[in-house]
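See structure below.
Chain identifiers are assigned alphabetically (A, B, ...) following the order of the sequence lines, protein sequences preceding nucleic acid strands; residue numbering begins at 1 within each chain.
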Number of protein chains: 2
Amino acid sequence: MTSTMGARERRRHEVTAALLAAARRELARTGAAGLSVRAVARDMGMAPSALFRYISGRDELLTLLIVDAYDDLGGHVEDIERTVPRADLRGRWRAIATSFRGWSVAHPHEYALLYGSPVPEYKAPAERTNPSGTRVTNLLAALGMEDPIAPPRAAIPHMPDADELKALAVAADVPRMDGERLVSGLLAWTALVGAVSSELFEQLGEPVARLDTLFDATVALGEWLLFGEPQEESAGSPA
Amino acid sequence: MTSTMGARERRRHEVTAALLAAARRELARTGAAGLSVRAVARDMGMAPSALFRYISGRDELLTLLIVDAYDDLGGHVEDIERTVPRADLRGRWRAIATSFRGWSVAHPHEYALLYGSPVPEYKAPAERTNPSGTRVTNLLAALGMEDPIAPPRAAIPHMPDADELKALAVAADVPRMDGERLVSGLLAWTALVGAVSSELFEQLGEPVARLDTLFDATVALGEWLLFGEPQEESAGSPA
DNA sequence: CCCAAGTGCGAACAGTGTTCTTGAATTCCT
DNA sequence: AGGAATTCAAGAACACTGTTCGCACTTGGG
């Protein structure tokens with residue numbers, strides 16, 4: 001970062017970067033639970049004990065990988081979401097959802113690390129993972145903040161009443177959003193995570209080709225949850 | 001099983017049962033990734049090598065635990081679902097969803113084993129896990145087969161059209177169910193899994209008290225997906 | 001120039017899954 | 001009943017893991 005950097009310091013940055021790169025390779029190969037410090041050391045041609053000059057242990061390596069994966073995912077989704085015109089709220093949602101799924105199927109082990117079972121004996125430090133971990137949900141929140149549209153969805157019977165939703169809203173740290181909008185966003189989000197998890201973790205016995213249309217249905221459901229019935233606009237083919 | 005069982009055979013059954021019990025304890029304590037054959041052996045006062053007379057290795061131990069957990073969960077949900085009158089389809093769905101969540105929060109490590117990230121280097125043999133793993137989804141499928149109600153849900157815009165849903169239906173091995181019903185059930189199911197996973201794996205920063213109302217919303221969404229608007233019946237308090 | 005800091009390495013410890021051998025206990029057969 | 005065959009539990013061993021420690025060595029700053 002600083003332009004004046006001693007050779008020593010620069011080398012340290014290089015080694016740190018190589019370490020993280022090797023760890024990423026190892027994670028993509030064997031997954032989080034099978035991640036081995038010694039394998040990382042082998043991959044970069046160093047003794048295992050040498051790595052402990054750069055990381056405090058396996059836990060910090062996991063933390064590094066988590067924020068790295070969160071940032072990779074967040075950047076990917078942000079890049080694609082930025083593509084669609086700001087006024088097209090439904091398109092922005094679809095871009096978020098599909099790019100989220102796209103990154104996930106391309107990086108299944110990273111997805112499992114972020115949204116799958118937590119690694120036992122390890123608790124991610126929230127102060128380090130939070131900024132990167134909320135990037136994609138922040139996109140969703142920004143979508144929910146947009147004023148013009150977003151009709152509330154009272155069409156669903158047996159929904160928790162307005163008071164409870166209000167309590168949900170104040171509990172969350174999104175004070176400017178009312179309960180109906182917040183619960184819509186949360187439902188769309190958890191449905192999205194559930195669809196991707198079910199697909200990647202292979203809880204569905206169906207052939208893969210049909211998973212696409214099932215995911216399309218999930219996206220449509222989320223869109224309806226967020227924005228309701230479309231209001232008399234162009235009805236082109238949504239492909 | 002057979003009434004005439006030699007002492008040797010009986011002892012083998014006892015040891016096998018004790019082994020599975022110890023493995024369950026260990027799983028509940030440390031989770032699947034932290035499960036240790038040696039710890040199980042210690043717990044039952046045996047040498048680690050002795051266990052290999054009863055299991056072929058760590059993988060079979062995992063398989064045993066998986067079908068055991070699936071059966072425990074399936075039995076729990078079935079028992080509660082049986083409670084509500086058969087004609088009350090919406091109540092049956094709600095019973096399935098809430099009991100599914102109830103078991104999951106009571107057995108987080110088992111839930112992670114079943115619906116979380118798959119253990120690396122391990123692939124569950126479908127012929128052994130399938131019968132137990134489909135018990136709760138079978139309950140859902142039975143709900144979808146019921147004739148009287150179940151209006152299709154074309155209200156959601158941008159849904160995949162009928163042809164694609166038909167293809168989804170014939171791809172699944174549920175031939176008697178049409179595409180609309182099948183996709184409704186699948187959406188309700190993946191949304192349910194997503195809600196429970198997000199809650200248990202702590203992807204939501206909200207306080208725990210509000211998770212209840214968020215889950216209520218998920219249940220309501222699933223109910224609407226499966227059965228649509230209620231048709232002029234008793235409007236008692238749904239608590 | 002020289003000393004202190006930073007760096008890499010090898011050995012070592014405790015733990016893991018798994019295999020093999022060895023010896024004892026039990027069952028089976030005649 | 002006695003000998004043979006099978007089953008069982010245990011111990012030692014191997015290859016692997018995360019981690020610590022002490023020892024050498026390079027390097028940068030006063």
Side-chain angles (χ1 to χ4, degrees), chain A residues 2-20 22-23 25-27 29-66 109 113 119-124, chain B residues 2-20 22-23 25-27 29-66 113 118-124:
Chain A
T2 63
S3 58
T4 63
M5 190 158 45
R8 200 115 220 199
E9 193 175 356
R10 178 168 53 244
R11 165 126 183 89
R12 173 162 254 276
H13 272 75
E14 289 174 7
V15 175
T16 304
L19 198 162
L20 200 141
R25 276 193 299 273
E26 199 64 17
L27 172 63
R29 220 171 46 81
T30 65
L35 189 136
S36 152
V37 173
R38 292 184 112 104
V40 174
R42 270 193 301 270
D43 194 45
M44 46 195 291
M46 287 180 65
S49 54
L51 296 197
F52 286 75
R53 303 261 178 214
Y54 300 89
I55 53 171
S56 69
R58 190 171 175 275
D59 285 9
E60 184 173 343
L61 189 58
L62 274 182
T63 304
L64 245 52
L65 285 171
I66 287 176
H109 285 136
L113 179 61
V119 180
E121 312 283 0
Y122 168 75
K123 203 71 212 71
Chain B
T2 63
S3 58
T4 62
M5 189 156 48
R8 195 112 224 195
E9 193 173 355
R10 178 169 52 243
R11 166 130 182 87
R12 175 164 252 276
H13 272 75
E14 287 175 8
V15 173
T16 303
L19 198 163
L20 200 141
R25 275 193 299 272
E26 199 64 17
L27 172 64
R29 220 171 46 83
T30 65
L35 189 136
S36 153
V37 172
R38 292 183 113 103
V40 173
R42 270 193 301 270
D43 194 44
M44 46 195 293
M46 286 180 65
S49 55
L51 295 197
F52 285 75
R53 302 260 163 200
Y54 301 91
I55 54 171
S56 69
R58 188 171 177 275
D59 285 9
E60 185 174 342
L61 188 58
L62 274 181
T63 303
L64 245 53
L65 285 171
I66 287 177
L113 179 61
V119 180
E121 312 284 359
Y122 168 75
K123 203 72 211 71

Heavy-atom closest pair, residues Glu26(A) and Ala39(A) = OE2-CB, 3.3 Å
Round to a whole Å and report the spacing from CD of Glu14(A) to P of dT7(C).
-> 12 Å
Nearest-Å distance, CZ (Arg58(B)) to C1' (dG15(C))?
-> 14 Å
OP1 or OP2 of dG17(C) sitting under 4.0 Å from any side-chain N/O of Ser36(B)?
-> yes
Does anyone know the first and last nucleotide of DNA chain D in reach of chain A, 5' to 3', at under 4.0 angstrom to a heavy atom?
-> dT17(D) to dG28(D)
Report yes if the side chains of Tyr54(A) and Leu64(A) come closer than 4.5 Å at any heavy-atom pair, otherwise no.
-> no
Figure out the CZ/P separation between Arg42(A) and dG8(C), and round it to whole Å.
-> 18 Å
In whole angstroms, the gap separating C1' of dC9(C) from CE of Met46(A) amounts to 9 Å
Would you mind reporting whether Leu19(A) and Met46(A) have side-chain heavy atoms less than 4.5 Å apart?
-> no
Go through the N and O atoms of the side chain of Arg53(A) and the base of dG8(C), and report whether any donor-acceptor pair is under 3.5 Å.
-> yes
What's the shortest heavy-atom distance between Leu27(A) and Ala32(A), and which atoms?
-> CD1-N, 3.5 Å
Can you tell if the side chain of Leu61(B) reaches within under 4.5 Å of the side chain of Leu51(B), non-hydrogen atoms only?
-> no
To the nearest angstrom, the CZ-C1' distance between Arg10(B) and dT26(C) comes to 14 Å
OP1, OP2 of dG17(C) versus side-chain N and O of Arg38(B): anything below 4.0 Å?
-> no
Is a donor-acceptor pair below 3.5 Å formed from side chain Ser49(A) to base dG10(C), judging by atom type as modelled?
-> yes
So which pairs with a foot in residues 34-53 of chain A pass side-chain hydrogen bond (donor to acceptor under 3.5 Å, both in side chains), sequence neighbours left out?
-> Arg25(A)-Asp43(A)
